[in-house]
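Each remark here refers to the structure printed beneath this line.
Scope of the values below: all heavy atoms of this structure, side chains included, with no hydrogens, waters or symmetry mates. Lettering follows sequence order; numbering is per chain, from 1.
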Number of protein chains: 4
Amino acid sequence: MNRARTSHAKEQRRQALLDAALDEFFEKGYTAARMDDIASRAGVSKGTVYLYFKSKEQVFHGLINSIASPKIQELEVVLHSAGSAKEALQMLFRIMPMIVAHSPMPKLAKVLIGDCNAFPEVVCHYRQQVIDRGIGAITQLLEAGKRSGELQVADADLTARLVIAPMIYAAIWRVVFEIGVEQPLNVEALFELHDSMIIKALSAD
Amino acid sequence: MNRARTSHAKEQRRQALLDAALDEFFEKGYTAARMDDIASRAGVSKGTVYLYFKSKEQVFHGLINSIASPKIQELEVVLHSAGSAKEALQMLFRIMPMIVAHSPMPKLAKVLIGDCNAFPEVVCHYRQQVIDRGIGAITQLLEAGKRSGELQVADADLTARLVIAPMIYAAIWRVVFEIGVEQPLNVEALFELHDSMIIKALSAD
Amino acid sequence: MNRARTSHAKEQRRQALLDAALDEFFEKGYTAARMDDIASRAGVSKGTVYLYFKSKEQVFHGLINSIASPKIQELEVVLHSAGSAKEALQMLFRIMPMIVAHSPMPKLAKVLIGDCNAFPEVVCHYRQQVIDRGIGAITQLLEAGKRSGELQVADADLTARLVIAPMIYAAIWRVVFEIGVEQPLNVEALFELHDSMIIKALSAD
Amino acid sequence: MNRARTSHAKEQRRQALLDAALDEFFEKGYTAARMDDIASRAGVSKGTVYLYFKSKEQVFHGLINSIASPKIQELEVVLHSAGSAKEALQMLFRIMPMIVAHSPMPKLAKVLIGDCNAFPEVVCHYRQQVIDRGIGAITQLLEAGKRSGELQVADADLTARLVIAPMIYAAIWRVVFEIGVEQPLNVEALFELHDSMIIKALSAD
DNA sequence: AATGAATGAGCGTTCATTCAT
DNA sequence: TATGAATGAACGCTCATTCAT
């Protein structure tokens, strides 16, 4: 492979390595993934990986950090831009299938679940920076809906969890059960249904 | 360790090894789990494991088989014993928190998710014998409720998935985010809420 | 297996173990042969072998000792019973194919060759008690024939070696190259030819 | 150990490993030989062996292939270059002691004999490519001598075997009985004697 | 005397990491 | 910066040996 001289080229190569790492970690899990395979998937040789990451563990940390944070900020912005709570929920239910079907989130989730015990700090950090903030944003919108009388919400935090549960379910389903399967889960329809059921369940009588 | 001479004692030891294996696989993942550690967790020496299982892979298969199938049969029986669809759902929502909090299912799920790519046949078999049957049973009860006019169900299969989604969510949550955390998720309350929201969402207007 | 109470029964079982050991050592070599397999081939359990032999090494030694010595004494007797040197040689050439085709010698030779470096004392002992005595006996008969003018012998020791060389060749051939081969070496014919050629080569002009 | 960078240096290192392997297999047998010992005898570490050979078995195959074939072609050429059958035989009897005393053949033969049952395909291949061709070449020269009236040959194939038998004998003798022995077999004299006896035995009356 | 469950040292093999070029 | 040969710790698995019954 020709050399990455500029800092831009280096950043690109670093990203290529992270992409390769995600795929390898996803397919094999952290322990079974081989540095060699990450390297060749990124089109470089084994030693090169160590120019960009100090160790396999650092590749993992780099991977988590590169994916985690940005998405949540987007989410927070989107939810705050909605006029009403129901509108915000509907935006959410339109975003969710996109995340499940067209983002690296399911792969990352699989990796995190599989290797969570090997990286408790990562899990902790991830929970605080991603999960808690995500659930927090939804909790807030539910409480706003409750205050405005728009929604009937008994426990906003638990309700937020029920709101995102199908996303977790669908993400897991995709990465675990849809490897080489002909009939994939209809994610769009699932979230449309979820939308209508949640709206009905939270509507004032 | 004293010897297992009767076939009963041997079966007990086999089970002790499977228990140890579940914990090790759960904590480290299949690849990172060491046969040595499984052995000492079960209180025997390395070589002894191989008296009960031909290989690490066979330990894994033994583990999956020992946990998977029986539970689902129970579920099917329970659901069919209910008088009405709503009653059946309520039984389901009382069972779910038990499964999440007091069965090996969450640990097993974590293992399966983490190592699904290493054992596609296991995943396939598990899906057919456990997942599809579980979702199938719920789908049937929803359709029965629909036929009797008790429930409003647009798509029974997708609805069944939304019914179980919080169980997947809660199971994952427990094993991933509640390692050494002081404030655990209130699973009971979550499923009570899920119960009331699902019932409301499926009720005739 | 029922117990061997009398010392005769014990001796029989010991012999059964040695027979099994010869076959196992022959088929796998000393290192690759498993005590377990020797035991089951003899129809007893693993632990029983250790009632008759202190260790795997002792099984090997027991095996060598049980086969080696007696045969050579027979040979010495036979050769001394002959009227003339040529007669003695002819007896020898009739015995040789029997040894090659119908005695455990080829198997034993294969084992000894394969594991000679692991058991230098055994090899040394075997050479002194079997090989040197065998070659010595033939050397003596050749020298007797030379003294009587019956044979032309330049170097009796080397000639003795040329006399037995085809037996070594045939023994090796059988155990190495005739495993599952349809057309075996015609040992009888080989030694008839050897007989005639040696006689002609050693005859006075 | 410094690195083998050029393909020439790598070929050299591969050869060094094969040399080490021959010695280890010869001394301990295939099963008892340790990859570690092969490595250190070649001056490299354990892992390095696996850069050159996929497995212990492949080391064995590599060893057989590296030694077997070339020698026989030489032999065929040499025998065909002789003016007469007797001349050819004499050349053969001058080559034989060289092979026994100064080639790896005796060591290789010992290894092959000791582990023939573990590698039946190797034995089969070796027999066809080396043994049968070697015996075939000698058979042909004997038949040529017979046709020209130079030699009296009853059965060319069996005679060829008697011609080479002392080489097998001497090779075995060397590797089995001359480990740490002061008085080695006089191989030169043995083959001189064999020469004269064979010539006499095959001469027309 | 016989069994076979248990042990643990030992070996083949893998792979993260290093480093000379 | 990039390479890939070399290393050696680590792990799955085997099997000679022990010992309680």
- Look up atom OG in S7(D) and atom CZ in R14(D), then write down how far apart they are to the nearest 0.5 Å.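 Rounded to the nearest 0.5 Å, the OG-CZ separation comes out at 12.5 Å.
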
- Message: Categorize Y52(C) for me: base, sugar-phosphate, or nothing, with a 4.0 angstrom heavy-atom threshold over every strand shown.
- Response: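 The answer is sugar-phosphate, as Y52(C) gets under 4.0 Å only of primed atoms, P, OP1 or OP2.
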
- Message: Students often get this wrong, so: under 4.0 angstrom with heavy atoms, is A33(A) touching a base, only sugar-phosphate, or nothing?
- Response: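 Since only primed, P, OP1 and OP2 atoms lie under 4.0 Å of A33(A), the category is sugar-phosphate.
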
Please state how far atom [atom1] in [X] lies from atom [atom2] in [N], giving the value in whole angstrom units.
X      : N       : atom1 : atom2 : result
I38(C) : dT17(F) : CD1   : C1'   : 14 Å
Y50(D) : dC11(E) : OH    : P     : 12 Å
M35(B) : dT7(E)  : CE    : C1'   : 15 Å
Q12(B) : dA5(E)  : CD    : P     : 16 Å
H8(B)  : dA5(E)  : NE2   : C1'   : 17 Å
E24(B) : dG12(F) : CD    : P     : 11 Å
R13(A) : dA2(F)  : CZ    : C1'   : 8 Å
K10(A) : dA2(F)  : NZ    : C1'   : 12 Å

[X] and [Y] ion-paired at < 4.0 Å:
X       : Y       : result
R34(C)  : E24(C)  : no
K107(C) : D23(C)  : yes
K28(B)  : D115(A) : no

- Message: Pick the closest DNA chain E nucleotide for G47(A) and for T31(D) by heavy atoms, then say which residue is nearer the 5' end.
- Response: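 It is T31(D), whose closest nucleotide lies nearer the 5' terminus.
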
- Query: If you find the nucleotide of DNA chain E closest to Y30(D) and the one closest to E57(A), which residue's nucleotide is nearer the 5' end?
  - Reply: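 By nearest-heavy-atom nucleotide position, the 5'-most residue is Y30(D).
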
Who pairs with [N] - Watson-Crick or G-U, where each distance is under 3.5 Å:
N       : result
dT21(E) : dA2(F)
dC11(E) : dG12(F)
dT7(F)  : dA16(E)

Are [X] and [N] close enough that a side-chain N or O sits under 4.0 Å from OP1 or OP2?
X      : N       : value
S45(A) : dT3(F)  : yes
K46(C) : dT17(F) : no
R3(B)  : dA20(F) : no
K56(B) : dG12(F) : yes
T48(D) : dA5(F)  : no

- Geometric cation-pi criterion, K10(A) with Y52(A): 6.0 Å, 45°: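 No, K10(A) does not lie over the aromatic ring of Y52(A).
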
- Task: Identify which nucleotide among dA6(E), dA16(E), dA5(F) has an atom closest to any side-chain atom of L51(B), counting heavy atoms from C-beta outward.
- Result: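 That would be dA6(E).
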
- Query: Considering heavy-atom distances to DNA chain F, does A4(D) or R5(A) have its closest nucleotide positioned more toward the 5' end?
  - Reply: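 By nearest-heavy-atom nucleotide position, the 5'-most residue is R5(A).
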
- Establish, yes or no, whether a centroid distance under 6.0 Å links the rings of Y30(A) and F119(A).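 For Y30(A) and F119(A), the ring centres are under 6.0 Å apart.
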
- Query: Do K54(B) and dG12(F) have a side chain to base donor-acceptor pair shorter than 3.5 Å?
  - Reply: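 A donor-acceptor contact between them is absent.
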
